[in-house]
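Step one of this worksheet: look at the structure below.
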Amino acid sequence: MTDDELDDVRPVLDDRDISYVRTAEESADETAFLLQFPLPPEAIDEVLAEMEAAGLDTDRYAVVGTAETARPDQSNSAQNHDDRISHDELRGRARGMNPGRRTYYGMTILSAIVATAGLLLDSPAIVVGSMVIAPQVGSALIASVGTALSDRDLIVEGVRDQLLGLVVAVAGAAVFGLFIRYSGFVPARLRVTTVQQIAQRISPGFLSMAVGLCAGAAGAFGLATALPVSLVGVMIAAALIPAAAAVGVGIAWGLPAVALGAGILLLVNVTSINLTGFLVLWWLGFRPVDWEADAAPAEAVRAHAPTVVAVLLLLVAFAGAGTVTAQQMQVETAVNAAVTETLSDDAYAELRLLSVQTRFGGVSVYRLDREVSVAVSRPAERGYPGLAADLERAIGRSIEDEVAVTVTFEDRASTPQ
């Protein structure tokens, strides 16, 4: 930095009460000056933009480092802004969360195996453990950052790692499932659809979609601000790894309906995470460097083709998966209403509804069949042989389709008063 350049940027520093140190750097040809000053991370973009407007070539001269302590306090240097970080730091943090390929795919396989074990053991604690070691947060957020900043390399890296990582997770879960199935570690006649942790992930609905939407938004907030983002990784993994493991279990047990249901859930969550991650970053003000809000649509498309293409693909995938999810939600609502109406009959007054679960059944070319499992408690030694048939008729009328109904009874007994 020369004396003239320092004169240009000094008003910017003085207006923000930024204390700085200038040191001389001498060479054989000229003497230049190095200007150093501390800033909070969220003020970097704003201050550099003002210095650039004042005439400083920040692309050539600006270096962003990390300081452990700094005095005097520069808290006033970030005026009238939120706590988001700079574009360069956003890129750096996203890349820093994505480990090397060997570590990424190795940890993905381990997390998928742990998730598969947790699903088959019906153990929520083990399933949570698989989320903790899963490395998917980095690849998901890299893709969102690349889309927001129109960075083709970041988009390609994020999408590639996400897709390959999930393929590896499904394959790892399937191989592990085949091993434990045919080695006798689980009963040969085990019906995996009755395992609660698996059954929860083979019927995508609104609540499942909400998890993916919130995970992507939380990840973007954590990455783009000065907030810790480590715990957000567990949230993103919660939306991906157990669903991928459930797909592998469906493949290992030869159950297309299980693999399809969990696969749709996985697709919904992947697209939800990427879409909401991008939308939150955009809402926080992250744009391509040469972004012009008033540019003509055709010019914007040409200038920011990576962002346009990525967003369009996300919208198409989200619309496709969302349509199936919406149909499943309508079926679930109709089934719940039919079950409630049937059990309101005086003949079933002593029954207590415990749960209703609607999931994909047989898969054909033209439609998705549904299976409904209803769990009720009844007085001990009381039989209700006609309940399953009554529920099947009521649900069939409600959804205007055939349906297989399974009723599970839980006996209850009470002591005399």
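Within the 4.5 Å cutoff, the side chain of Val374 has no heavy atoms near those of the Thr406 side chain. In this structure the side chain of Val195 never reaches within 4.5 angstrom of the side chain of Leu119, judged on heavy atoms. Side-chain contact between Val249 and Leu255: absent, with no pair of heavy atoms (C-beta onward) separated by less than 4.5 Å. Two residues are said to be in side-chain contact when any heavy atoms from C-beta on lie closer than 4.5 Å; Ile126 and Val114 meet this criterion. Between Leu391 and Val372 there is no side-chain heavy-atom pair separated by less than 4.5 Å. For the pair Ile399 and Val403, the minimum side-chain heavy-atom distance is below 4.5 Å. Between Leu213 and Phe318, the closest side-chain pair of non-hydrogen atoms falls below 4.5 Å. Between Gln162 and Val270 there is a side-chain heavy-atom pair separated by less than 4.5 Å.
A donor-acceptor contact shorter than 3.5 Å links the side chain of Ser344 to the backbone of Glu341. Put simply, the side chain of Ser123 never gets that close to the backbone of Gly118: no donor and acceptor are under 3.5 Å apart. Of the possible donor and acceptor atoms, one in the side chain of Thr323 sits under 3.5 Å from a partner among the backbone N and O of Ala319.
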Considering only distance and modelled atom types, tabulate donor-acceptor pairs under 3.5 Å from the side chains of residues 128-135, sequence neighbours left out.
| from | atom 1 | to | atom 2 | distance (Å) |
| --- | --- | --- | --- | --- |
| Ser130 | OG | Val127 | O | 2.5 |

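Evaluation of the salt bridge (charged side-chain N to carboxylate O under 4.0 Å, His left out) rule for Glu350 yields Arg382 as partners, not counting sequence neighbours. Under the side chain to side chain contact (heavy atoms under 4.5 Å, CB included) criterion, Glu157 pairs with Arg95, Asn98, Ile142, Leu154, Arg160, Asp161, not counting sequence neighbours. For Arg393, the salt bridge (charged side-chain N to carboxylate O under 4.0 Å, His left out) criterion is met by Asp390, not counting sequence neighbours. Contacts of Arg397 classified as salt bridge (charged side-chain N to carboxylate O under 4.0 Å, His left out), with partners at least two apart in sequence or in another chain: none. Applying the side chain to side chain contact (heavy atoms under 4.5 Å, CB included) test to Val211 and every residue at least two apart in sequence or in another chain returns Met235, Ala239. Residues passing the salt bridge (charged side-chain N to carboxylate O under 4.0 Å, His left out) test with Asp411, sequence neighbours excluded: Arg378. In this structure Glu332 satisfies the side chain to side chain contact (heavy atoms under 4.5 Å, CB included) test together with Ser203, Gln328, Thr358, sequence neighbours excluded.
Closest heavy-atom contact between Ala317 and Thr271: CB-CG2, 3.4 Å. For the residue pair Arg201 and Pro242, the shortest heavy atom distance occurs at NE-CB, 3.0 Å. When all heavy atoms of Val247 and Gly263 are compared, the pair lying nearest together is CG2-N, 3.4 Å. The two residues Leu178 and Ala252 have their closest heavy-atom pair at CD2-O, 3.4 Å. Closest heavy-atom contact between Leu281 and Ala224: CD2-CB, 3.5 Å. The heavy-atom pair separating Ile236 from Ala215 by the smallest distance is CG1-O, 3.8 Å.
Within the structure, side-chain hydrogen bond (donor to acceptor under 3.5 Å, both in side chains) pairs that include any residue of residues 105-120 comprise Thr108-Gln136 (at least two apart or interchain). Identified under the ring pair (Phe, Tyr, Trp, His ring centres under 6.0 Å) test for residues 117-162, with sequence neighbours left out: none. Here ring pair (Phe, Tyr, Trp, His ring centres under 6.0 Å) pairs that include residues 144-185, with residues two or more places apart or in two chains, are Phe179-Phe185. Residue pairs that meet the ring pair (Phe, Tyr, Trp, His ring centres under 6.0 Å) test with at least one member in residues 370-412, sequence neighbours left out, are Tyr348-Tyr384.
Separation of atoms CD1 (Ile202) and CG (Leu260) is listed at 10.5 Å; rounding is to 0.5 Å. Here the straight-line distance linking atom CG of Leu351 with atom CD of Glu410 works out to 12.0 Å at 0.5 Å rounding. The distance from the CD atom of Gln327 to the CD1 atom of Ile264 is 9.5 Å, given to the nearest 0.5 Å. In this structure, Thr340 OG1 and Leu353 CG are separated by 6.5 Å, a value rounded to the nearest 0.5 Å. The distance from atom CG of Asn269 to atom CG of Asn274, rounded to the nearest 0.5 Å, is 11.0 Å. Residue Ile155 holds its CD1 atom at 6.0 Å from OG of Ser150, rounded to the nearest 0.5 Å.
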Original post:
Given the rule in the side-chain contact (heavy atoms from CB on, under 4.5 Å) test, do Thr408 and Val376 qualify, once you have shown the distances and angles that lead to the verdict?
Top reply: CA-CA 6 Å; Thr408 303; Val376 296; over 6 Å; no

Original post:
Is there a side-chain contact (heavy atoms from CB on, under 4.5 Å) between Val311 and Leu315 once you walk through the steps?
Top reply: CA-CA 6 Å; Val311 172; Leu315 291 176; 4.0 Å; yes

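Aromatic pair Phe278/Trp282: ring centres closer than 6.0 Å.
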